[in-house]
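Heavy-atom basis, side chains included; hydrogens, waters and symmetry copies ignored.
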Amino acid sequence: MDYNFREIEKKWREYWIANEVYRVKENPARPKYYVLDMFPYPSGAGLHVGHPLGYIASDIYARYKRLRGFNVLHPMGYDAYGLPAEQYAIQTGQHPAITTVKNINRYREQLDKIGFCFDWDREVRTCDPKYYHWTQWAFQKMFNSYYDNAQGQARPVAELVEHLQKHGTEGLDAACSEEMSFTAEEWNAMGEKQQQETLMNYRIAYLGETMVNWCPQLGTVLANDEVIEGVSARGGYPVVQKKMRQWCLRVSAYAQRLLDGLETVDWTDSLKETQRNWIGRSEGTEVRFRVKDSDLEFTIFTTRADTMFGVTFMVLAPESELVAQVTTEAQRAEVEAYLDRTKKRTERERIADRKVTGVFTGAYAINPFTGDAVPIWVSDYVLAGYGTGAIMAVPAHDSRDYAFAKHFGLPIVPLVEGCDVSEESFDAKEGIVCNSPREGVEPYCSLNLNGLSIKEAIAATKKYVKEHNLGRVKVNYRLRDAIFSRQRYWGEPFPVYYKDGMPYMIDEKKLPLELPEVAKFLPTESGEPPLGHATKWAWDVAKGEVVDNTLIDNTTVFPLELNTMPGFAGSSAYYLRYMDPHNDEALVSKEADAYWQNVDLYVGGTEHATGHLIYSRFWNKFLFDLGISVKEEPFQKLINQGMIQGRSNFVYRIKDTNTFVSLNLKEGYEVTPLHVDVNIVSNDILDIEAFRNWRPEYKDAEFILEDGKYVCGWAVEKMSKSMFNVVNPDVIVEKYGADTLRLYEMFLGPIEQSKPWDTNGIDGVHRFLKKLWALFYGKDGWQVTDGEPTAEELKALHKLIKKVTQDIENFSYNTSISAFMICVNELTSLKCNKRAILEQLIIVLAPFAPHVAEELWHTLGHETTVCDAPWPTYNEDYLKENTAVYAISFNGKVRYNLELPADMPKEEVEQAAIIHENSAKWMAGKSVKKVIVVPKKIVNIVIG
RNA sequence: GCUCGAAUGGUGGAAUCGGUAGACACGAAGGACUUAAAAUCCUUUGGCUAUUGCAGCUGUGCGGGUUCAAGUCCCGCUUCGAGUACCA
């Protein structure tokens, strides 16, 4: 009987469904384990072989954990809101909901063929009202919360209001958009609208007038992580800066906790580093500078407090309000011309063209450490959005200041002993400080940094600044608040209505607020978002329901918000929803959350490092503050699977002919390389017949062959339709089966590494499954016997169990598949067909190739699924049957391995250790004092 | 520019702590079975020299270093990839 994977795989897929093998319930008697994949956006193109890579990896781990006795939660769902469905709707008029459902069904069909152990009963879709109910709910909670810095957590806005009523801003330490200062009397005297506007300064979800990334082509704003090098991540359209009133999330309030949390999670260092860079903590000092001949003062931020004595000019950002205040009459025209010019330049132009530009304001600032009056300039190399929008320039020790000083002929004062600043600045934070203060100059202040290291000088200056009230020690973050509005249709509607220009939340009990129907998916004529087309999009407060726009009276019926939420809204807390997906009372019940806690293993791509993985952590921390989530970090361990690139094939057409020349014969011809569909190429050999049938224009193609074959060229490129290098998993499953696909994807290399998909080589793992099958079925059919296993057979098996157990724990699946191949080859040559061996082999294979394992498991006479078999433990004794590996150490330190027969007497082992080739030379001139063979077979040689 | 990571045969990739580099697989070459093909099995396969005998030299991007011993550790480069970009 041959290995008939088609029949086997179909049979067990149906069995798993019929018997609900992958349904999982909370069970306090068993330890939990939560394995999660980043849920996919169901695109119209369907899955290619790259997509399941991570799913297979996590599936293997989930199955392994289950075999080890864990109650494993392994769900799957869809990130169903998004731009492509909407763009498609604009082009075709097809409602995004219809496209989305169609795509989801296609995805599901493809996923089902690969044999995943997902509990589909827990599926979530972000566009389902039952799901986005809780996205809207969380948003309302954020609106009704502020961040208390003193307590280090989110608190209800009601507490803030109470504080303001009693004390005003006195004693308030809250995250805010701008520092405010007013008394309780002033607060109480404010009208409703003014109070609401004031509270906006503190809410975690707030409406803010901020500079946003506006993408005209997409007609929407984008978050920072959705913009890459000045163009939109989706579509690659230009993005410009624009001031707009938008919903924002006060992610910045959580910057320090997001940073600290990284210490507690088990992620790769590179991913943690990426997040640290994105959060961009920088510890520095704020120092006040007085403007000469004026009452004005302004504050700068610096991380190099040690360079106070080298300040030779000041620079303001063009957007800074100070520019207008300090500019002298004489310079006003010139400054305004400069501001005009910079305003016109987009960010992209500023990045592309890094010419040094700037203008003198005519004003001078007094350096509080030297008393020097230094000129104040304006330049676009200083950013308004970071720090205070003003800097002190130390050209000797900052390359940007240096370029500026050189360009405008400003003085450069070096402050580090022995540094050379004639060609470039000395930016390194090392060396001994000098010129602080300068020799021969009457000291202006009592601070003297000369002779200190830079580190000491920074500390000394900070201390001085604090003691003399010149400023304060300050921590800045690069992380900005997340812009949360999108001018789009296909997203979660905000549960918000407007009264007197201020937003109000609709009653929590009336959620979800469902997405309305619209006639068109484009912005309205007046430039409002697509929801502006909805005719039934007003909120009746009295009735608590959506009513026709015509009923708006602004007393009981109000207009609803026209923006929708961004993509990351729905994906920020989905892992919590999987714990309790059918709950209509809460995002997740206390019981379910207490049991499942958080995700133990999260598998997905690095592309979400600064988007989803930041937002999700923020969102979860917020829910943690509210007592909804029991764990502060949502994803304990994170594995980033690499991207699968395409491997394109080329044919070479001789110019102006319909003749194609094989790869190694193309020298001497003028050829055009053309992409050819990889599905009609095998091991880089072109299927000529298939090629002729591929395109009508190739029907009469001629070929110049080498050795009777047409050899194609190849290159690694992105997997895409236009390169004809897309490989569909369905095709692989049809030809080789799901188990082969699973094994092959893992065999390609380490999970975390990006690599091109190359179907060459898949025969190797398919052959392995056939060999495995042949252990059970010989020419005469089923051949498993009940004999006692031999030592050699046990050794082969236990070597495998040991290796696979260790490899799975390390996510080193490619090497465990090698181990399987070795084991099966050994058992084949031993002609082993003993149940005791084969049964255990199947169990360890089950996570990798579940279908064939299930088939053989049942044929061995088991009634229940292999998924619940006990994972075998390995016995070291079997492994030491014939040879023993002696670890040899010298003086208890250095070691190497020596393989010797296990029954070799102790004295001979000692002798062998001494005469081992590598060490013999070295020991020739030394006397060996003592050789000790210890029980664990470590030989220690002590040298005199 | 900065940060992080990588570089091993024709190819994908192995190699716990520094201890016989190239496991496993693909591809290739030769052979067995077969009318033939497919499938299956066997042998060889880093390079160079030798080969009806054994073996020898060389070899993990480049140049140094530490060590009895380096793919692995240290210093300096080169190339590639990822992230980030006037963040003071």
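- Closest approach to the A/K755 side chain among B/U84, B/C86, B/G13 is made by B/G13 (side chain taken as heavy atoms from C-beta onward).
- Comparing B/C24, B/A88, B/A39 against the side chain of A/V382 picks out B/A88 as the nearest.
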Verdict with reasoning, A/F5 to A/Y736, per ring-ring contact (aromatic ring centres under 6.0 Å, His included): CA-CA 8 Å; A/F5 56 84; A/Y736 296 99; 7.7 Å; no
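- Minimum atom distance to the side chain of A/T274 is reached by B/G83, of the listed B/C24, B/A15, B/G83.
- For A/E745, the side chain to side chain contact (heavy atoms under 4.5 Å, CB included) partners at least two apart in sequence or on another chain are A/V49, A/P52, A/L53, A/I56, A/L741, A/W757.
- Of all nucleotides listed (B/U84, B/C86, B/U3), B/U84 comes nearest to the side chain of A/W278.
- For B/G5, neither phosphate oxygen OP1 nor OP2 lies less than 4.0 angstrom from any side-chain nitrogen or oxygen of A/N640.
- Closest contact between the side chain of A/I822 and the listed nucleotides B/A88, B/C4, B/A23 involves B/A23.
- Contacts of A/Y777 classified as ring pair (Phe, Tyr, Trp, His ring centres under 6.0 Å), with partners at least two apart in sequence or in another chain: A/W773, A/W782.
- One atom, CE of A/M643, and another, C1' of B/G83, lie 14 Å apart when rounded to the nearest Å.
- Stem regions annotated for RNA chain B: B:1-7 with B:78-84, B:10-12 with B:24-26, B:27-32 with B:40-45, B:46-49 with B:55-58, B:61-65 with B:73-77, counting only runs of 3 or more consecutive pairs of Watson-Crick or G-U type with both contacts under 3.5 Å.
- Look at the C1' atom in both B/G64 and B/A15: the space between them is 26 Å, to the nearest Å.
- Of the candidates B/A15, B/U3, B/C86, B/C86 carries the atom nearest the A/D380 side chain, counting heavy atoms from C-beta on.
- Distance from the side chain of A/T815 is smallest for B/A14 among the nucleotides B/A14, B/G12, B/A88.
- Comparing B/G61 with B/C86, their C1' atoms sit 34 Å apart, to the nearest whole Å.
- A/L410 contributes atom CG, which lies 6.0 Å from atom OG1 of A/T312 (distance to the nearest 0.5 angstrom).
- Ranking B/C4, B/G13, B/A25 by closeness to the A/N814 side chain, first place goes to B/G13.
- For the 3.5 Å distance criterion, the side chains of A/T357 and A/Y338 qualify, holding a donor opposite an acceptor.
- Residue A/L383 places its side chain closer to B/C86 than to any other of B/U40, B/A23, B/C86.
- Atom P of B/A88 sits at a distance of 25 Å from the matching atom of B/G76, rounded to the whole Å.
- Closest contact between the side chain of A/N277 and the listed nucleotides B/A14, B/C26, B/U3 involves B/U3.
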